[in-house]
Participant: 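Sharing a structure below in structure tokens format, with a few things to ask.
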Amino acid sequence: MITWKAKKHHIFIETPASFDFKVNLDYLQRNANECMYEIENNRITRVMKINHMRTLVRISEADRENIVVEFLADTEPILLEDKKAIVHDVCEWFDLERNLLPFYEMGWQDSLLKQAIERFYGLRVMGLNDLFEALCWGILGQQVSLPFAYTLKRQFVEKFGDSLDYNGKKYWIFPSFDKISRLTVEDLADIKMTKRKREYIIDVAKLMANGDLSKEKLLHLDDLKQAEEELVRIRGIGPWTANYVLMRCLRYQNAFPIDDVGLINAIKFVMGMDRKPTKEEIRALASQWENWESYATFYLWRMLY
DNA sequence: AGCCAGGAGATTT
DNA sequence: AAATCTCATGGC
């Protein structure tokens, strides 16, 4: 259990030893076109949705063992349950409750992971807590470069999302599946993604609006395989997107987007290969990562950017 | 200019 | 089942 304490306008959350705020911050800053939060002076500012309320929070490192959440724009939660919800979401975002020591113990002896672990010690798989956002991000990222994916996301969010204003800046809230479920592909015509992707996103929004698809349902399945099957059944979601979402949103430790180009390139780079590794070679390397595939992938991705 | 990008679905073999 | 084709668009 995570220890936290609420002050008048702040909440302090204790972080584990194998956590490094700056390393995670670096990850969050990997693309300047990110639209869901702002980072300035080592402080993250973003909107968080809890119990049907929206709060603008600023998260920073208080000291080596604590991060602090400040509330801005008069959106401070008063009720204890709302404060608890904030703590819960922050913990989930930073994956604070996971014990990384077994991962490090394993990775330390793995020639591929060793460098990544040395370089990014304290890095967590940063979450995409919201299932609709995670699915959309996965779909948007299919077969396009990362910079372009960020552009698509920004267009989508700024056209269909809500925002809170603070000090003359807008802090965006990801479009709701309710809203998107009522749109047509023509409504999304301005967003320069393929028509197919527009269909996928609207269809996913409809499934969520119907209640046929939800984070809760996926979390209540027994294991990764079942959740993956459930997701892959949806048009537009293949093994890559399913595992990406299982990793970043549902937080299955063994989620593994094995076909990911980034992972392939990272392995090629770290091993100094002059060609891309085959799927079989990746499987062989990953056989040592059992039950830590998601973290292994995330750390290797970091070697590229 | 051409290749590729944090793929997926449909069609063919 | 596995290989191949088509989609589709910006970045480098």
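Chain A is the first sequence line, chain B the second, and so forth, proteins listed ahead of strands; every chain is numbered from 1.
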Participant: Rounded to the Å, how far apart are A:F148 CZ and B:dA5 C1'?
Facilitator: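 Interatomic distance, CZ of A:F148 to C1' of B:dA5: 11 Å.
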Participant: Expressed in angstrom and rounded to an integer, what is the separation of A:I264 atom CD1 from B:dC4 atom C1'?
Facilitator: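 A:I264 atom CD1 is separated from B:dC4 atom C1' by 13 Å.
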Participant: Taking only the P atom of each, what is the distance from C:dA8 to B:dT11 in whole angstrom?
Facilitator: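 So the two P atoms sit 14 Å from each other.
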Participant: Report, as a single string ordered 5' to 3', how protein heavy atoms within less than 4.0 Å touch nucleotides 7-13 of chain B: B base, S sugar-phosphate only, - not at all.
Facilitator: BSS----
Participant: Pick the C1' atom in C:dG10 and in B:dG9, then give their distance to the nearest Å.
Facilitator: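 Between the two C1' atoms, the distance is 22 Å.
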Participant: Between A:K276 (NZ) and B:dC3 (C1'), how many Å, whole number?
Facilitator: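 Rounded to the whole Å, the gap is 10 Å.
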Participant: Pick out which of A:F298, A:F94, A:Y299 makes a ring-ring contact (aromatic ring centres under 6.0 Å, His included) with A:Y27.
Facilitator: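 Answer after filtering A:F298, A:F94, A:Y299: A:F298.
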Participant: Can you tell me how far C1' of B:dC4 sits from CG of A:L304, to the nearest Å?
Facilitator: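 Rounded to whole Å, this separation is 14 Å.
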Participant: State plainly whether the residues A:R251 and A:E97 are in salt-bridge range, i.e. N to O under 4.0 Å.
Facilitator: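 No, A:R251 and A:E97 are not salt-bridged.
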Participant: Run the salt-bridge test on A:E40 and A:K169 with the 4.0 Å N-O cut-off and return the result as yes or no.
Facilitator: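 A salt bridge is present here (some side-chain N lies under 4.0 Å from a carboxylate O).
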Participant: Kindly point out which of B:dA5, C:dG10, C:dA8 is positioned nearest to the side chain of A:T194?
Facilitator: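 So the nucleotide nearest the side chain must be C:dA8.
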Participant: Mind calculating the distance between NZ (A:K192) and P (C:dA8) to the nearest angstrom?
Facilitator: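 Spelled out: NZ on A:K192 to P on C:dA8 is 12 Å.
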Participant: Rounded to the Å, how far apart are A:M193 CE and C:dT9 P?
Facilitator: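 For the pair A:M193 CE and C:dT9 P, the rounded distance is 11 Å.
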Participant: Within residues 278-297 of chain A, find the residues that approach DNA chain B with a heavy atom at under 4.0 Å, and present them sorted by residue number.
Facilitator: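 Result for residues 278-297 of chain A: none.
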Participant: So do A:W93 and A:I44 actually touch side chain to side chain, heavy atoms under 4.5 Å?
Facilitator: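 When only atoms from C-beta onward are counted, A:W93 and A:I44 do touch, with a gap below 4.5 Å.
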Participant: Please determine if a side-chain N or O atom of A:N265 lies less than 4.0 Å away from the OP1 or OP2 oxygen of B:dC4.
Facilitator: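 No, because none of the side-chain N or O atoms of A:N265 sits under 4.0 Å from OP1 or OP2 of B:dC4.
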Participant: Check whether A:K197 reaches the backbone of A:Q142 with its side chain - one donor and one acceptor, N or O, closer than 3.5 Å.
Facilitator: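 At least one qualifying donor-acceptor pair exists.
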Participant: If the P atom of B:dA1 is compared with that of C:dC7, how far apart are they to the nearest Å?
Facilitator: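 That atom pair is separated by 22 Å.
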Participant: Which part of the nucleic acid does A:R30 contact within heavy-atom distance under 4.0 Å: base, sugar-phosphate only, or nothing?
Facilitator: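 Result for A:R30 = base.
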Participant: Round to the nearest Å and state the distance from A:N33 atom CG to C:dC12 atom P.
Facilitator: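 That distance rounds to 11 Å.
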Participant: Starting at atom OH of A:Y150, determine the distance to atom P of C:dC12, rounded to an integer number of angstrom.
Facilitator: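 Nearest whole value for this atom pair: 14 Å.
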Participant: Is any side-chain N of the basic residue among A:E199 and A:R235 closer than 4.0 Å to the acidic one's carboxylate O?
Facilitator: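 So A:E199 pairs with A:R235 through a salt bridge.
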Participant: Under 6.0 Å between ring centres: does that hold for A:W172 and A:F160?
Facilitator: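 Ring centroids of A:W172 and A:F160 are no less than 6.0 Å from each other.
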Participant: Within 45 degrees of the axis of the six-membered ring of A:W301 and under 6.0 Å from its centre: does A:R30 put its NZ or CZ there?
Facilitator: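 No - A:R30 does not lie over the ring of A:W301 by the 6.0 Å and 45° rule.
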Participant: Does some side-chain heavy atom of A:V204 sit less than 4.5 Å from a side-chain heavy atom of A:F132?
Facilitator: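 Side chain of A:F132 against side chain of A:V204, heavy atoms only: contact under 4.5 Å found.
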